[in-house]
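Data block below; observations after.
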Amino acid sequence: MHCGIMKADARRPEGFTLLEVLVALAILAIAVVVVMQVFSANLRNLSASEQQVIAATRAAAYMREILEDEKFPDVEPTGAEADGYRFSVALAKILEERYRPIPYDLYQVTLTVAWNEANRGKTIQVQGYKMVDRK
């Protein structure tokens with residue numbers, strides 16, 4: 001007669017074997033290492049992007065300052081800031097012969113911002129133009 005109650009099998013173990021636990025730990029360790037590598041790569045990329053945004057923002061501000069300076073074209077050719085960004089300015093008169101009849105000089109201003117990132121030099125370059133009264 002079968003009454004519907006099942007007896008537990010005496011030969012079946014009630015936990016995990018040592019081999020199963022070791023395999024699970026190995027898989028978990030591999031997954032953690034992969035996730036940590038992805039996070040560290042993302043943090044490096046975020047830092048590099050932040051430095052590039054800072055350099056571009058400073059380049060735009062410094063370019064605006066150069067172009068609005070009353071003493072233009074007598075500007076400081078190089079400069080440095082305390083946090084490692086270096087500036088260099090190059091001025092060039094352009095189209096001088098073509099626009100000789102008008103009483104203005106057209107200058108091309110090239111501003112280069114340089115900084116070190118992960119032991120490599122990085123640069124960003126911005127160009128602007130300014131027309132000034134011919135002297």
Side-chain angles (χ1 to χ4, degrees):
M1 166 178 233
H2 191 269
C3 63
I5 298 176
M6 297 183 65
K7 290 184 179 180
D9 188 359
R11 293 180 294 151
R12 196 172 114 206
E14 290 296 324
F16 296 106
T17 65
L18 180 61
L19 182 61
E20 291 171 332
V21 170
L22 290 176
V23 168
L25 284 176
I27 291 171
L28 180 65
I30 291 171
V32 166
V33 167
V34 168
V35 167
M36 292 303 291
Q37 286 178 344
V38 168
F39 279 137
S40 67
N42 285 341
L43 286 175
R44 279 191 304 273
N45 290 339
L46 184 62
S47 174
S49 297
E50 180 183 15
Q51 289 179 339
Q52 193 165 7
V53 166
I54 289 170
T57 304
R58 291 183 181 185
Y62 193 46
M63 177 65 80
R64 189 172 35 255
E65 186 179 310
I66 290 169
L67 294 177
E68 293 174 357
D69 191 352
E70 294 294 324
K71 296 181 281 180
F72 187 89
D74 300 324
V75 296
E76 208 46 48
T78 60
E81 291 194 10
D83 54 357
Y85 292 92
R86 298 171 308 283
F87 299 95
S88 64
V89 179
L91 297 177
K93 254 188 216 182
I94 59 173
L95 306 172
E96 191 171 358
E97 293 301 319
R98 185 172 182 185
Y99 292 104
R100 179 65 57 199
I102 63 173
Y104 298 103
D105 287 329
L106 180 62
Y107 286 90
Q108 178 182 17
V109 181
T110 303
L111 172 65
T112 304
V113 180
W115 70 98
N116 289 328
E117 176 186 304
N119 296 326
R120 292 190 312 211
K122 298 284 188 172
T123 60
I124 188 169
Q125 200 171 61
V126 180
Q127 288 186 337
Y129 298 90
K130 180 163 184 166
M131 190 174 286
V132 295
D133 290 331
R134 188 173 291 142
K135 294 177 184 176

Worksheet item: Passes side-chain contact (heavy atoms from CB on, under 4.5 Å), W115 versus T123? Steps please.
Response: CA-CA 6 Å; W115 70 98; T123 60; 5.5 Å; no
Does one hydrophobic cluster hold both [X] and [Y], with members joined at side-chain heavy-atom distances below 4.5 Å?
X	Y	answer
M36	L28	yes
L19	I27	yes
V23	F16	no
I124	I54	yes

Minimum heavy-atom separation for [X] to [Y], with atom names?
X	Y	result
Y129	L106	CB-CD1, 4.3 Å
V113	A55	CG1-CB, 4.0 Å
Y104	M131	CB-CG, 3.4 Å
L111	A59	CD2-O, 3.2 Å

If we only count heavy atoms from C-beta on, is the [X] to [Y] side-chain gap below 4.5 Å?
X	Y	value
V21	T17	no
Y107	I94	no
V89	T110	no

Strictly distance-based, threshold 3.5 Å: is any side-chain N or O of [X] a donor or acceptor partner for the main-chain N or O of [Y]?
X	Y	result
Q51	A48	no
S49	N45	yes
S47	R44	no

Worksheet item: Can you name the one residue among L91, V75, V126 that meets side chain to side chain contact (heavy atoms under 4.5 Å, CB included) with V109?
Response: L91
Fill in: CD on Q125 to OG on S88, rounded to 0.5 Å
8.0 Å
Worksheet item: Which distance, rounded to the nearest 0.5 Å, do you find between the NZ of K93 and the CD of Q108?
Response: 14.5 Å
Item to complete: Please check if the distance between the ring centroids of F87 and Y62 is under 6.0 Å.
Response: yes
Worksheet item: Crowded around E20 CD? As in, over 12 foreign heavy atoms under 6.0 Å?
Response: yes
Worksheet item: Taking NZ, NE, NH1 and NH2 as the nitrogens, is one of them in D105 or K130 under 4.0 Å from a carboxylate oxygen of the other?
Response: no
